[in-house]
Amino acid sequence: METKITRRGFLKASSAVAALTTAGAATAKAQVSPPSWRGDTRIEQIATNCEMCFWRCGVMAEVADGKVLKLQGNSHHPLTQGQLCARGNAGTQLLYDPDRLKYPQIRTGNRGEGKFRRASWDEALDFFAAHLKDLKQKYGAESVGFFPHGVGSGFFGTLMKAYGTPNSAEPAFAQCRGPRDIGYQLTFGRAVNSPEPVDLEEAKAIVLIGSHIGENVFTSQVTNFITGLQRGAKLIVVDPRFSTAASKADHWLPIKPGTDIALLLAWINVLIAETLYDKDYIEQYATGIKELEDHAAPFTPEWAETITEISAAKIRETAHVMAEAKPAVAIHPGRHVTWYGDDTQRARAMAILTALLGAYGRKGGMFLPTKIKQGRIPLPPFPESERGRADGAGTKYPLATEESQGLTQGLVQATMTAAPYPVKGWIVYGQNILESIPQRQNTLKAIEQLEFMAVVDVLPVEQTNYADLVLPEATYLERYDPPAFVTTSKRPYVAIRQPAIDPLYESKPGWWIAKQLANRLGLSGYFPWKDPDDHLSRVVAPLAVNMTELKALGAVSFDGHPYIEDRKEEDGPIFPTQSGKIELSSSVLKDLNFDPLPKFTAVEPPPAGYLRLIYGRAPMHSFSRSENNSWLNDLMPENQIWINAGIAAKLDVTDGQVIVLENQDGAKSLPIAVRATEGIRHDCAYMVHGFGTRAKNLTKAYRKGASDTDLITRVAVDPIMGATGMRVNFVRILPGNRS
């Protein structure tokens with residue numbers, strides 16, 4: 001029998017777990033807006049957090065008669081403090097999108113045809129469980145690969161580990177942040193994590209290297225960035241494109257793509273050669289300065305000028321700007337950093353530069369995380385795989401460890417080749433694998449090898465056409481997800497996601513689907529909690545927060561220790577490296593036979609007649625998640641391809657003209673309009689990621705704009721940790737039209 005947990009049931013105060021708010025919490029005396037009346041309609045304010053992107057801003061949902069009337073920022077949220085971007089405001093249009101998946105479906109046609117029949121939840125879950133049992137019996141539990149994304153995937157992650165597969169891979173590591181986190185961990189002993197602990201508001205100088213603040217619109221980060229500029233911070237932007245941030249810069253450096261390490265080495269050279277680095281800080285906290293000094297000596301600004309196409313004078317000038325501002329120099333570590341295959345070493349160079357300026361753990365630079373306690377629900381031991389992972393994490397790529405979120409393209413490759421062993425089933429949750437993983441052609445080939453594929457999603461994105469089973473998940477406004485414990489904020493906090501209304505149609509929350517499958521697979525012991533209220537109370541128990549207040553406010557924050565001078569013993573070591581210090585020269589890399597200090601290696605230039613393809617974000621869209629949203633589609637219905645105005649003139653291409661892009665391997669895009677502009681280098685072409693879907697059931701997004709993923713048929717794999725550098729593809733302009 002199904003257990004129905006309603007929104008009202010979840011929100012019901014639980015006096016059994018209520019307790020006094022922890023000392024130091026910011027919200028102990030906060031006032032919560034009570035329900036109000038509009039005429040004879042009772043209006044409730046339900047606190048939750050957003051998932052229109054993964055910044056998880058605080059949201060207040062205005063609810064009446066079981067309908068969300070509007071969303072607004074939650075002023076009680078300690079990070080975002082009432083701010084909500086266009087995407088967050090448009091969350092209601094995801095909730096009420098008529099194209100939503102509404103009921104379980106089982107495939108009846110060939111893969112890719114999109115032919116399904118409607119099924120009940122009991123039939124669908126029995127079908128799901130039967131296939132998992134069959135795959136385990138025939139090939140072993142490792143034969144099932146899991147492709148998650150988002151905080152809600154935690155419940156399915158538990159299910160997959162209990163089932164016995166180690167093969168879980170999320171794009172956040174191999175296609176986004178992984179090289180950055182590994183590079184900083186090698187240097188300082190800890191990953192950057194999210195949100196990035198960059199002290200933008202207190203900075204005297206801000207350095208952005210390909211970071212599109214203002215276009216990715218992480219609300220609190222944008223606000224802190226603006227605050228820093230208003231307080232007089234100098235801004236240096238390194239980007240081949242005149243981005244929104246570049247338009248605010250004191251120094252825009254339109255660097256030749258692929259040469260960032262050369263620029264960083266030249267900056268390091270200037271700081272050391274002119275003794276402009278923070279010598280006291282380095283002597284106290286770092287090791288390897290002599291090795292770095294010897295290594296950097298040849299990399300003068302004059303050496304870098306011919307490589308980067310940035311003048312030696314400008315390189316020196318910007319190095320001096322940073323030196324004068326130290327230690328209050330916020331070098332943003334980036335977010336999507338998988339570019340050229342040398343990305344971990346580029347992150348290392350950025351971390352070393354941060355260290356030389358004395359900026360790590362210092363006001364105006366990067367601040368330190370503050371630990372907060374998190375409850376652990378006791379579970380039976382997870383089964384251990386004798387065969388290990390299939391994706392190469394930890395073996396082929398030594399620093400892609402068990403905690404690294406896996407290598408998506410490695411799992412695709414293992415499925416395609418049946419090596420090191422057969423992978424015959426895929427479960428996809430919250431990840432659009434045909435857009436998030438490069439080399440789409442390989443993903444489709446791998447799908448052909450599957451005996452079973454299940455997709456749990458909110459919308460009928462293209463991958464659902466290839467699934468054997470499609471399950472409709474409730475949106476973030478209709479479900480409970482695990483709470484967020486955020487330590488990389490100046491005030492650490494816990495924030496919750498709770499349903500504003502009950503799920504529409506026949507959709508179900510992910511926790512319920514995972515729990516029901518566990519029951520059918522004999523794994524119910526891994527889900528020992530009764531319902532979301534029970535789960536929440538257990539995981540926040542060590543914080544001793546008042547549960548009624550937490551649910552009403554949506555988040556509770558605590559005193560932080562963001563700077564070196566604030567640290568407490570319970571926070572652990574300042575630099576948890578092998579040496580206990582900042583490792584300018586990495587002992588770990590040396591032991592693994594990698595370069596212990598960053599080196600510049602030239603990347604392949606564009607062939608004659610081609611431009612390097614680069615890509616990014618727009619403030620009103622999130623990857624491929626939001627193009628079908630009616631409000632956001634109105635703001636930006638399709639993307640454009642930016643090319644330099646001089647190149648456009650040579651090609652006899654006019655601004656707004658519709659063309660087709662063809663890459664070096666003959667892959668072609670859907671038609672896309674040209675944006676001819678002086679705001680991009682002559683050797684690049686740029687588009688916003690996420691458009692050009694082939695999913696016919698997404699009626700507003702179907703065939704609007706072009707997909708950069710279609711054109712990423714090659715990658716440069718980072719040998720240190722396996723990430724896919726994707727800015728190694730080139731495109732040329734062909735005639736096109738809208739037909």
Side-chain angles (χ1 to χ4, degrees), residues 1-5 100-111 114-150 152-169 382-383 411 415 422-433 446-447 449-461 463-474 479 503 505-527:
M1 174 183 280
E2 294 182 5
T3 303
K4 184 176 175 68
I5 303 296
R100 273 184 63 175
L101 293 170
K102 298 179 176 68
Y103 44 78
Q105 300 175 75
I106 294 174
R107 180 168 61 86
T108 57
N110 295 323
R111 288 201 193 279
K115 293 182 178 180
F116 295 87
R117 65 173 178 82
R118 186 170 183 167
S120 69
W121 271 104
D122 278 337
E123 182 188 12
L125 292 168
D126 289 344
F127 182 80
F128 201 150
H131 277 81
L132 289 180
K133 291 176 182 177
D134 181 61
L135 289 170
K136 180 183 275 191
Q137 182 179 22
K138 290 196 297 188
Y139 307 107
E142 301 94 337
S143 66
V144 176
F146 179 44
F147 291 88
H149 201 204
S153 65
F155 295 118
F156 264 88
T158 298
L159 177 67
M160 291 293 93
K161 286 190 284 188
Y163 174 78
T165 180
N167 291 317
S168 174
F382 291 114
L411 192 47
T415 306
V423 176
K424 291 294 185 179
W426 282 5
I427 297 171
V428 183
Y429 175 97
Q431 180 182 162
N432 187 350
I433 56 174
I447 289 173
Q449 307 304 313
L450 297 176
E451 293 185 12
F452 178 67
M453 178 177 172
V455 173
V456 183
D457 214 317
V458 172
L459 292 170
V461 293
Q463 65 191 7
T464 60
N465 290 334
Y466 295 89
D468 299 280
L469 177 67
V470 178
L471 298 181
E473 191 185 26
R479 69 175 190 252
Y505 314 112
E506 294 179 25
S507 65
K508 297 285 186 182
W511 71 263
W512 182 91
I513 301 170
K515 208 169 190 301
Q516 290 291 317
L517 280 169
N519 293 341
R520 286 166 168 80
L521 294 169
L523 302 173
S524 57
Y526 292 91
F527 292 81

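Positions are given from 1, in the same order as the sequence printed here.
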Report yes if some heavy atom in the side chain of Leu125 is under 4.5 Å from a heavy atom in the side chain of Leu517; otherwise report no. yes
Could you go through Lys161 and Tyr526, starting from their C-alpha distance and side-chain angles, then the distance that decides it, and tell me whether this counts as side-chain contact (heavy atoms from CB on, under 4.5 Å)? CA-CA 10 Å; Lys161 286 190 284 188; Tyr526 292 91; over 6 Å; no
4.5 Å side-chain heavy-atom contact, Arg111 and Met453: yes
Got Pro503 and Arg479 here, is their nearest side-chain heavy-atom distance under 4.5 Å? no
Only counting residues at least two apart or in another chain, list the ones meeting ring pair (Phe, Tyr, Trp, His ring centres under 6.0 Å) with Phe146. none
For His131, what residues pass the ring pair (Phe, Tyr, Trp, His ring centres under 6.0 Å) criterion, not counting sequence neighbours? Phe127, Phe452
Can you confirm whether Leu450 sits close enough to Lys424 that some side-chain heavy atom of one is under 4.5 Å from a side-chain heavy atom of the other? no
Is it true that, when you exclude Lys102 itself, more than 12 heavy atoms of the residues, nucleotides or ligands shown sit nearer than 6.0 Å to its NZ? yes
If the test is side chain to side chain contact (heavy atoms under 4.5 Å, CB included), which one of Val455, Val461, Val428 qualifies with Ile433? Val428
Using 0.5 Å steps for rounding, measure from the CH2 atom of Trp426 to the OH atom of Tyr466. 11.5 Å
Pair Phe527 and Phe155, ring centroids less than 6.0 Å apart: no
How would you list, by chain and number, every residue that makes a salt bridge (Lys or Arg N to Asp or Glu O under 4.0 Å) with Arg520, sequence neighbours excluded? Asp122, Asp126
Would Ile513 and Phe156 satisfy side-chain contact (heavy atoms from CB on, under 4.5 Å), going step by step from the backbone distance to the final call? CA-CA 8 Å; Ile513 301 170; Phe156 264 88; 3.6 Å; yes
Answer whether the closest heavy-atom distance between the side chains of Lys138 and Glu451 falls below 4.5 Å. yes
